Asks: 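Here it is, the structure, as structure tokens.
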Amino acid sequence: MAGVNDELLTIGAFAARARLSAKALRLYDRLGLLTPDRVDAASGYRYYRADQVEQARLVALLRQLDMPLAQVAALVEADGPDAAELLAAYWTDVETRIAGQRTLAEYLRARLSGRSSEMYGKFVVETVEVPQQVLITETRHTLADELPAWIGASLGRLEAAAEECGGVSASPFVVYHSEVSTESDGPAESCVPVADEAAARAWAARQGRTRQTAVRVEPARRLAYTRITKAQVAHPQILAAFEAVEQWVAAEGLRFAGPCREVYFADWDAAGPEDAVCDVAFPVERDPAQ
């Protein structure tokens, strides 16, 4: 005798039991998230088993969490404990994103309400003379969400390569040749100063074009910069630091002499949230019109 779970339900009856619309069930079928047990070849009617109700409700609840369809499909196919872990990982990502958006909203609210000067006043801007440097570099077009991982990986690769180039001679830095955001992909250039130019050029010749590596000599520069903590490196706090330097440059009658950069002078992994790790900087020069 057939059991209750073997009972086949029309799409209307199944929709009522699952507390979903027939339209939603057709969408889930089309996306491969919930396939009917049988489709009548002649009429095209869909029939579902009673034991598919829980899966249908699960899919609907996951969609209420704005979970992408690919992740819903993976979670539905997973066993109980694995499915729970997938959900936990997804929700951790959601909370991280929301926290970042909350901070961004607070930053924008301060700008829109005319309180930008209060934010900029938290940053002390100074200048420093930087001598000519030989740089080994790696360049990449990258969006903002990929940027932190790429910075860490590319600087790690370059610092390891510096052993072949006379060693690291000054703090590594990242140059932004164009805006990096959720919609603009730079490019960004990771740079490690090294001691031996000839060895650096020999190293670059061996690399080919796999990671867009290069050697260049950067001329002596004057940098206007502000020092920030590890916590302030996160977006959008770092935007306020860049804008504070920009305002200071304008007020001092200077002009920009190159693209902005982040200079990483501390051990990132060992630093705590309130430890200074980075200088947000712009090359500047005296404006002859001033």
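No experiment lies behind these values; they were computed from the predicted model shown.
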Asks: Atom SG of C278 and atom CD1 of I238: how far apart are they, to the nearest 0.5 Å?
Replies: 5.0 Å
Asks: Please report the interatomic distance CD(Q52) to CG(D37), rounded to the nearest 0.5 Å.
Replies: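 So the CD of Q52 and the CG of D37 are separated by 6.0 Å.
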Asks: Side chains of V215 and T137: closer than 4.5 Å at any heavy-atom pair?
Replies: no
Asks: Return yes when atom CD of E146 has more than 12 non-hydrogen atoms of other residues, nucleotides or ligands closer than 6.0 Å, and no otherwise.
Replies: yes
Asks: With a 4.0 Å cut-off, would you call K230 and D275 a salt bridge?
Replies: no
Asks: Could you check whether any side-chain N or O of D196 sits under 3.5 Å from a backbone N or O of A198, counting only pairs where one atom can act as donor and the other as acceptor?
Replies: yes
Asks: In the single-linkage hydrophobic clustering (I, L, V, M, F, W, Y; side-chain heavy atoms under 4.5 Å), do W248 and V130 co-cluster?
Replies: no
Asks: Is the shortest side-chain heavy-atom distance between E262 and D279 below 4.5 Å?
Replies: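 Answer no - side chains too far apart.
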Asks: Looking at residues at least two apart in the chain, or sitting in another chain, which of them share a ring pair (Phe, Tyr, Trp, His ring centres under 6.0 Å) with F256?
Replies: F282
Asks: In this structure, which one of T35, L34, L33 forms a side chain to side chain contact (heavy atoms under 4.5 Å, CB included) with L31?
Replies: L33
Asks: For the side chain to side chain donor-acceptor pair (under 3.5 Å) test, which of Q212, R216, R261 pairs with E189?
Replies: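 Checked Q212, R216, R261 against E189; only one passes side chain to side chain donor-acceptor pair (under 3.5 Å): R216.
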Asks: Apply side chain to side chain contact (heavy atoms under 4.5 Å, CB included) to the pair L9 and R17, showing each step before the final yes or no.
Replies: CA-CA 9 Å; L9 304 172; R17 190 172 298 188; 3.9 Å; yes
Asks: Sub-3.5 Å donor-acceptor pair from the side chain of S184 to the main-chain atoms of E179, do we have one?
Replies: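 Yes; at least one donor-acceptor contact below 3.5 Å.
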Asks: Donor-acceptor pair, distance only, cut-off 3.5 Å: does the side chain of S154 make one with the backbone of I151?
Replies: yes
Asks: So how far is it from S181 OG to D145 CG, rounded to the nearest 0.5 Å?
Replies: 10.0 Å
Asks: What closest approach, in Å, do S171 and V263 show between heavy atoms, and which atom pair accounts for it?
Replies: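 Here S171 and V263 meet closest at CB-CG1, 3.7 Å.
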Asks: Return all side-chain donor-acceptor pairs below 3.5 angstrom for residues 81-90, not counting sequence neighbours, or 'none' if the list is empty.
Replies:
from, atom 1, to, atom 2, distance (Å)
Y90, OH, L65, O, 2.7
Y90, OH, D66, O, 3.0
Y90, OH, M67, N, 3.2

Asks: Return the CD1 to CG distance between I11 and L25, rounded to the nearest 0.5 Å.
Replies: 5.0 Å
Asks: Any donor-acceptor pair under 3.5 Å linking the side chain of E95 with the backbone of T92?
Replies: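 Absent.
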Asks: With heavy-atom distances below 4.5 Å as the criterion, would you say the side chains of L27 and R30 are in contact?
Replies: yes
Asks: Which distance, rounded to the nearest 0.5 Å, do you find between the OH of Y28 and the CG of L69?
Replies: 9.0 Å
Asks: Between the side chain of E252 and the main-chain N/O of V249, is any donor-acceptor distance below 3.5 Å?
Replies: no
Asks: Flag the pair R221 and E285 as a salt bridge only when some basic side-chain nitrogen lies within less than 4.0 angstrom of an acidic carboxylate oxygen.
Replies: no
Asks: Tell me whether E183 at atom CD has more than 12 heavy atoms from other residues, nucleotides or ligands lying less than 6.0 Å away.
Replies: no
Asks: Search all heavy atoms of D40 against all heavy atoms of Y47 and return the closest pair with its distance.
Replies: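 For D40 versus Y47, the nearest heavy atoms are CB-CE1, 4.3 Å.
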Asks: In terms of hydrophobic clusters joined by side-chain contacts under 4.5 Å, are V125 and V233 together?
Replies: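 Result: yes, single cluster for both.
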Asks: F265 ring centre to R227 NZ or CZ under 6.0 Å, with the angle to the axis within 45°?
Replies: yes
Asks: Among the clusters formed by ILVMFWY side chains lying less than 4.5 Å apart, do V76 and Y48 turn up in the same one?
Replies: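 Result: yes, single cluster for both.
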Asks: Hey, does the side chain of T226 reach the backbone of V280 with a donor-acceptor pair shorter than 3.5 angstrom?
Replies: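 Side chain of T226 to backbone of V280: no pair is present.
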Asks: How many angstroms lie between CG in L135 and SG in C191, if you round to the nearest 0.5 Å?
Replies: 5.0 Å
